[in-house]
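Here is the structure we will look at, set down as structure tokens.
Chain letters run A, B, ... following the sequence lines, proteins first and then strands; every chain starts at 1.
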Amino acid sequence: MPELPDVEGFRRVLAEHTGEPITGVRVRDAGVLRGTTARALDDAVRGRRFEEPRRLGKWLIAPVGGPVLILHFGMTGSLSWHSPDEPPHPHDRVIWSLGDGELRFRDMRKLQGVRLADDERRAERILGDLGPDALEVSRKEFDELLSGRRGRLKSALTDQSLLAGLGNLLADEICWQARISPLRAVPDLDEKDLAALYRTMRRILRESVKVERVPPRDTWLTGARDERDGPCPHCGTTLSRRRVSGRTTVWCRSCQPT
DNA sequence: TTGCATGTTCCGGA
DNA sequence: GTCCGGAACATGCA
């Protein structure tokens with residue numbers, strides 16, 4: 001699931017539960033801990049309170065008054081609030097108890113996980129390779145990022161060190177709604193293309209963040225892409241499908257000529 | 001059984 | 001230095 005809009009949803013969950021002392025951390029599967037241990041995690045946060053969380057791309061940054069938790073949800077992670085009475089889900093890997101409930105980090109595939117930085121400075125080091133957040137970037141900055149880039153548009157949009165937050169679904173959705181092929185070489189894009197991409201990216205992110213996911217509407221590519229040989233919601237042409245830089249890429253060869 | 005899945009990282013090669 | 005493809009990571013589903 002998690003691309004920028006999903007993680008923004010998780011940030012909101014956490015933001016609703018700042019201020020209450022954390023009474024304990026249960027690590028049910030240490031396989032999601034990255035560079036830390038259950039013991040270190042508990043020591044670092046017990047008795048402290050979550051402060052205002054922030055998001056950079058697909059990363060959720062949760063300061064607890066000194067130490068900083070850094071969460072990444074991979075392809076299957078989530079963060080949700082539960083009553084302690086509710087039995088844990090088999091994929092609940094880490095649980096923080098606070099107030100009258102629990103925050104649960106759930107993740108089936110454990111491709112990413114939970115990191116702990118001792119302070120903001122170290123947190124920044126972990127996040128240092130990320131580009132600006134896709135929701136925050138200005139038009140000018142967007143142009144600057146893409147100028148000098150040589151490869152395909154799809155690769156550029158999903159490169160987190162260039163621009164943080166866009167995943168496979170969002171990149172394809174943006175290209176499709178902007179009517180530009182994801183296979184186009186970035187240097188071949190003209191001013192009009194860049195304007196369309198930026199405008200479309202902003203609009204799609206705004207709408208997606210509202211519902212905390214890329215909405216699978218049938219007027220969007222995301223609502224149509226899962227059907228094999230399905231039609232383009234714009235023009236009815238059979239959607240094209242191919243792997244581009246390691247990810248399945250879906251586009252319409254009629255609406256998005258190469 | 002095989003291929004695929006909205007993630008990142010690391011490697012070799014162009 | 002950049003960029004690309006492929007593999008690895010771990011799990012479940014069609």
Side-chain angles (χ1 to χ4, degrees), chain A residues 1-10 28-35 55-61 70-79 89-94 105-115 125-131 133-135 144-177 182-189 201 204-205 207-209 211-217 220-230 239 241-251:
Chain A
M1 275 206 297
E3 297 188 52
L4 187 156
D6 311 81
V7 179
E8 178 59 20
F10 306 147
R28 303 180 75 245
D29 185 337
V32 297
L33 302 183
R34 306 280 151 160
R55 182 190 54 71
L56 178 54
K58 305 171 194 172
W59 296 78
L60 180 58
I61 305 156
I70 302 177
L71 275 50
H72 194 293
F73 301 90
M75 290 171 84
T76 52
S78 65
L79 187 71
H89 185 279
H91 299 143
D92 285 341
R93 312 296 188 184
V94 180
F105 179 85
R106 185 171 302 179
D107 190 5
M108 180 178 81
R109 286 171 67 187
K110 302 189 283 186
L111 289 172
Q112 286 289 322
V114 178
R115 285 158 216 259
R125 251 199 352 229
I126 293 173
L127 304 166
D129 285 338
L130 291 175
D133 188 83
L135 202 49
E144 287 166 0
L145 290 170
L146 289 175
S147 75
R149 180 85 182 191
R150 288 184 291 147
R152 290 197 172 106
L153 176 58
K154 172 69 180 268
S155 311
L157 291 177
T158 53
D159 182 347
Q160 302 300 299
S161 66
L162 188 83
L163 188 62
L166 305 183
N168 199 38
L169 289 190
L170 276 171
D172 285 0
E173 189 69 53
I174 291 164
C175 290
W176 181 75
Q177 291 199 28
L183 304 179
R184 292 272 299 278
V186 175
D188 293 346
L189 300 173
M201 176 180 78
I204 288 174
L205 284 177
E207 295 193 36
S208 300
V209 156
V211 295
E212 303 180 351
R213 64 185 298 194
V214 187
R217 296 179 192 150
W220 283 33
L221 179 65
T222 302
R225 64 179 295 149
D226 290 341
E227 187 191 342
R228 287 277 162 189
D229 302 316
L239 290 168
R241 186 180 299 268
R242 212 197 105 175
R243 286 184 90 78
V244 177
S245 45
R247 318 295 306 178
T248 297
T249 300
V250 179
W251 78 101

Please step through side-chain hydrogen bond (donor to acceptor under 3.5 Å, both in side chains) for the pair Q112(A) and R109(A), ending with a clear verdict. CA-CA 8 Å; Q112(A) 286 289 322; R109(A) 286 171 67 187; over 6 Å; no
Sticking with atom P, work out how far dG1(C) lies from dT8(B), rounded to a whole angstrom. 23 Å
Where the side chain of T249(A) meets the backbone of R247(A), is there a donor-acceptor pair that is under 3.5 Å apart? yes
List in chain and number order the residues that pass side chain to side chain donor-acceptor pair (under 3.5 Å) with N168(A), two or more places apart in sequence or in another chain; answer none if no residue qualifies. K154(A)
Selection: residues 160-171 of chain A, any non-hydrogen atom under 4.0 Å of DNA chain B: Q160(A), G167(A), N168(A), L169(A)
With sequence neighbours excluded, tell me which residues meet side chain to side chain donor-acceptor pair (under 3.5 Å) with D159(A). R149(A), S161(A)
Can you check whether G165(A)'s main-chain N or O pairs, donor with acceptor, with Q160(A)'s side chain at less than 3.5 Å? yes
Under a 4.0 Å heavy-atom criterion, DNA chain B is touched by chain A from dA5(B) to dT8(B)
Taking any atom under 4.0 angstrom from a heavy atom of chain A, which nucleotides of DNA chain C are the first and last to qualify, 5' to 3'? dG1(C) to dG12(C)
Closer than 3.5 angstrom, by distance alone: can the side chain of R93(A) be matched with the main-chain N or O of D29(A) as a donor-acceptor pair? no
Of L111(A) and V244(A), the one whose nearest nucleotide on DNA chain C sits closer to the 5' end is V244(A)
I'd like to check the side chain to side chain donor-acceptor pair (under 3.5 Å) partners of S147(A); sequence neighbours left out, ordered by chain and number. none
Hey, does the side chain of E8(A) reach the backbone of R55(A) with a donor-acceptor pair shorter than 3.5 angstrom? no
DNA chain B: R115(A) or E3(A), which has the more 5' nearest nucleotide? E3(A)
What parts of residues 149-157 of chain A reach DNA chain C, counting only heavy atoms under 4.0 Å away? R149(A), R150(A), G151(A), R152(A), S155(A)
Sorted by chain and residue number, the ring pair (Phe, Tyr, Trp, His ring centres under 6.0 Å) partners of W59(A) (sequence neighbours excluded) come out as H72(A)
Could you tell me which residues satisfy ring pair (Phe, Tyr, Trp, His ring centres under 6.0 Å) with F73(A), sequence neighbours excluded, listed by chain and number? F10(A), F105(A)
Let's go through L205(A) and L170(A) carefully: what are the C-alpha distance in whole Å and the side-chain angles of both, what is the deciding distance for side-chain contact (heavy atoms from CB on, under 4.5 Å) to 0.1 Å, and is it a yes or a no? CA-CA 8 Å; L205(A) 284 177; L170(A) 276 171; 4.0 Å; yes
So does E207(A) pair up with R217(A), basic N to acidic O under 4.0 Å? yes
Let me see the working for W220(A) and V214(A) under side-chain contact (heavy atoms from CB on, under 4.5 Å), right down to the final yes or no. CA-CA 9 Å; W220(A) 283 33; V214(A) 187; 4.2 Å; yes
So what is the 5' to 3' dot-bracket string for DNA chain C, if pairs are Watson-Crick or G-U wobble with both distances under 3.5 Å, crossing pairs use [ ] and | means the partner sits on another strand? .||||||||.||||
Applying side chain to side chain donor-acceptor pair (under 3.5 Å) to R34(A) and not counting sequence neighbours gives none
Test your reading of the model: is there a side-chain donor-acceptor pair from R241(A) to the backbone of R225(A), 3.5 Å cut-off? yes
Quick one: salt bridge (Lys or Arg N to Asp or Glu O under 4.0 Å) partners of D92(A), sequence neighbours excluded? R104(A), R106(A)
By nearest-nucleotide position on DNA chain C, the 5'-leaning member of R247(A) and R242(A) is R242(A)
dC3(C) versus dT6(B) - spacing of their P atoms, nearest Å: 23 Å
Across the strands shown, which category fits T248(A) at heavy-atom distances under 4.0 angstrom: base, sugar-phosphate, nothing? sugar-phosphate
